[in-house]
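Quick notes on the structure that follows.
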Amino acid sequence: MDVRVQSADFDSGAELSGFIARQQAAPVGATVSFTGIVRDLPGGGLQRMVIEHYPGMTERAIAAMVGQARARWSLADCLVIHRYGEMRPGETIMMVATASAHRADAFAAADFLMDYLKSRAPFWKQEITAEGTAWVAARDEDEAALQRW
Amino acid sequence: MDVRVQSADFDSGAELSGFIARQQAAPVGATVSFTGIVRDLPGGGLQRMVIEHYPGMTERAIAAMVGQARARWSLADCLVIHRYGEMRPGETIMMVATASAHRADAFAAADFLMDYLKSRAPFWKQEITAEGTAWVAARDEDEAALQRW
Amino acid sequence: MIEVLYFAWVRERIGLPRETVQTGAQTVGELVEELRGREERYALAFSDLESLRVAVDQELAGFDAPLKGAREVAFFPPMTGG
Amino acid sequence: MIEVLYFAWVRERIGLPRETVQTGAQTVGELVEELRGREERYALAFSDLESLRVAVDQELAGFDAPLKGAREVAFFPPMTGG
């Protein structure tokens with residue numbers, strides 16, 4: 001299990017290679033990854049995104065989600081990397097990777113972790129355009145997605 | 001859209017990096033990947049796996065699945081790589097990657113493609129141990145998984 | 001004339017990956033009946049149709065599928081990709 | 001004495017990321033009432049509790065959560081990670 005909260009950019013493909021490589025002693029069969037990328041606003045014009053977080057609580061909240069995922073599904077390993085600070089369109093915001101003997105478990109755990117990271121980890125996104133700065137509003141569907149679990 | 005059927009080994013992390021990089025003109029937000037790895041048998045002793053396939057039909061079947069996934073979910077891009085021939089425990093068998101503005105679509109399409117690749121693409125796995133060679137039997141639960149869609 | 005392909009243990013039981021077959025069979029089922037009548041190895045390969053899958057011109061099909069115009073028929077066990 | 005933290009637009013409205021508060025409040029709700037009474041910027045930040053979330057000692061909590069033994073209370077909008 002590996003959880004990293006960092007401001008530095010990272011390459012999710014390189015992280016996926018490393019994650020799979022560290023399973024080599026006991027290859028697991030199924031690995032699922034999710035990568036979140038900063039996308040531009042619908043009409044364009046996003047200059048940058050800034051993510052604020054709550055140091056200490058962030059790590060605790062993510063560790064708790066990972067613990068829930070491990071209790072619920074058969075997971076050999078799991079990786080969560082989430083950035084904070086400034087990033088530009090096209091940069092990687094975060095990633096999740098799960099490894100399991102069973103593809104259904106790897107998919108479900110990654111999907112679960114994403115839903116929880118969206119609404120239960122203390123991160124707040126801010127979008128900066130030529131017009132100014134705006135906090136991204138939480139979406140009702142992200143909160144509703146938690147009911148699936 | 002990129003579909004490759006090949007005997008050569010590949011690095012799914014490097015492929016994921018390339019897949020994300022080619023979205024840079026219009027970053028999409030959500031990318032999901034699945035990587036299948038050759039795992040050892042429960043008691044150990046797998047020397048190698050050999051995958052037979054049906055050249056021509058394989059490419060058609062995968063293209064049809066990808067077409068169904070695109071019709072059903074909002075996908076910006078999608079990648080399928082599946083190997084045939086000989087491979088050893090720990091080697092990558094195949095991968096799927098999906099890119100979408102919406103994480104639910106990226107997850108669902110990757111999950112759907114995996115279920116279809118398992119049971120509707122003409123690949124047959126053979127396991128080679130010291131005791132000999134055995135064809136892997138299709139699992140009822142893989143066939144049942146198709147009912148989800 | 002139709003090209004008949006065999007994969008996995010069907011190929012092993014019959015001992016061939018493919019062959020060209022002269023047939024008047026109207027359906028996949030009729031073709032199977034003809035092949036079964038040839039030799040023991042065919043009868044063995046086609047002994048349990050429930051464990052077999054068929055493709056006509058590289059598309060999955062049933063045993064009742066017509067063969068009119070078909071160039072290629074393939075027999076194989078349930079697929080195990082992914 | 002309790003450490004009170006503010007994040008995102010709550011931090012911006014109050015104009016501080018954190019402060020140490022001397023309080024006899026027994027619950028988060030009582031603490032909010034005290035803060036609201038201080039100044040207009042606090043009243044504004046706490047005007048709509050439905051749009052606020054609370055953590056006590058870095059665990060999500062409700063406005064009725066007791067403060068006995070708590071060292072740190074944080075107020076912030078719904079989270080937007082991922």
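Since the model is a prediction, treat every value here as computed from it, not as a measurement. Order of the sequence lines fixes the chain letters, A, B, ..., with proteins taken first and strands second; residue numbering starts at 1 for each chain.
Residue A137(B) touches chain C through its backbone alone, counting heavy-atom pairs closer than 4.5 Å. When heavy atoms are compared at a cutoff of 4.5 Å, E143(B) does not approach chain C at all. In this structure, the portions of R120(B) lying under 4.5 Å from any heavy atom of chain C include both its backbone and its side chain. There is no contact between R53(C) and chain B, counting heavy-atom distances below 4.5 Å. Using a 4.5 Å cut-off between heavy atoms, I93(B) touches chain C through its side chain atoms alone.
Interface summary for chain C: among M95(B), Q126(B), H53(B), K125(B), the most heavy-atom pairs under 4.5 angstrom belong to K125(B). Most heavy-atom pairs under 4.5 Å with chain C, from the set R139(B), M114(B), H82(B): that is H82(B).
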Please table the atom pairs, donor to acceptor, closer than 3.5 Å between any side-chain atom in residues 57-70 of chain C and protein atoms at least two apart or in another chain.
| unit_1 | atom_1 | unit_2 | atom_2 | d |
| --- | --- | --- | --- | --- |
| D57(C) | OD1 | R71(C) | N | 3.0 |
| D57(C) | OD1 | E72(C) | N | 2.9 |
| D57(C) | OD2 | R71(C) | N | 3.4 |
| Q58(C) | OE1 | M57(B) | N | 3.2 |
| Q58(C) | NE2 | E72(C) | OE2 | 3.2 |
| E59(C) | OE2 | R60(B) | NH2 | 3.1 |

For the pair D105(B) and R103(B), evaluate salt bridge (charged side-chain N to carboxylate O under 4.0 Å, His left out) and give the outcome as yes or no after the intermediate values. CA-CA 5 Å; D105(B) 286 39; R103(B) 77 182 185 285; over 6 Å; no

In sequence, state the C-alpha distance, the side-chain angles, and the governing distance for T129(B) and Q47(B), and then conclude on side-chain hydrogen bond (donor to acceptor under 3.5 Å, both in side chains). CA-CA 5 Å; T129(B) 64; Q47(B) 292 173 348; over 6 Å; no

Could you walk me through whether K118(B) and E141(B) pass the salt bridge (charged side-chain N to carboxylate O under 4.0 Å, His left out) check? CA-CA 11 Å; K118(B) 280 271 165 196; E141(B) 64 218 79; over 6 Å; no

Test ring pair (Phe, Tyr, Trp, His ring centres under 6.0 Å) on Y42(C) and F46(C) and set out the steps. CA-CA 6 Å; Y42(C) 287 94; F46(C) 290 106; 7.0 Å; no

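Judged purely by distance below 3.5 Å, without hydrogens or angles, the side chains of Y6(C) and E12(C) never pair a donor atom with an acceptor atom. No side-chain donor-acceptor contact under 3.5 Å links W149(B) and Q68(B).
Using cut-offs of 30° and 60° for the angle between ring planes, the F76(C) and Y54(B) rings count as perpendicular.
Using non-hydrogen atoms only and a strict 4.5 Å limit, no part of residues 19-45 of chain B faces chain C.
Geometrically, R70(B) does not engage W73(B) in a cation-pi contact, judged by NZ or CZ lying under 6.0 Å from the ring centre and within 45° of the ring axis.
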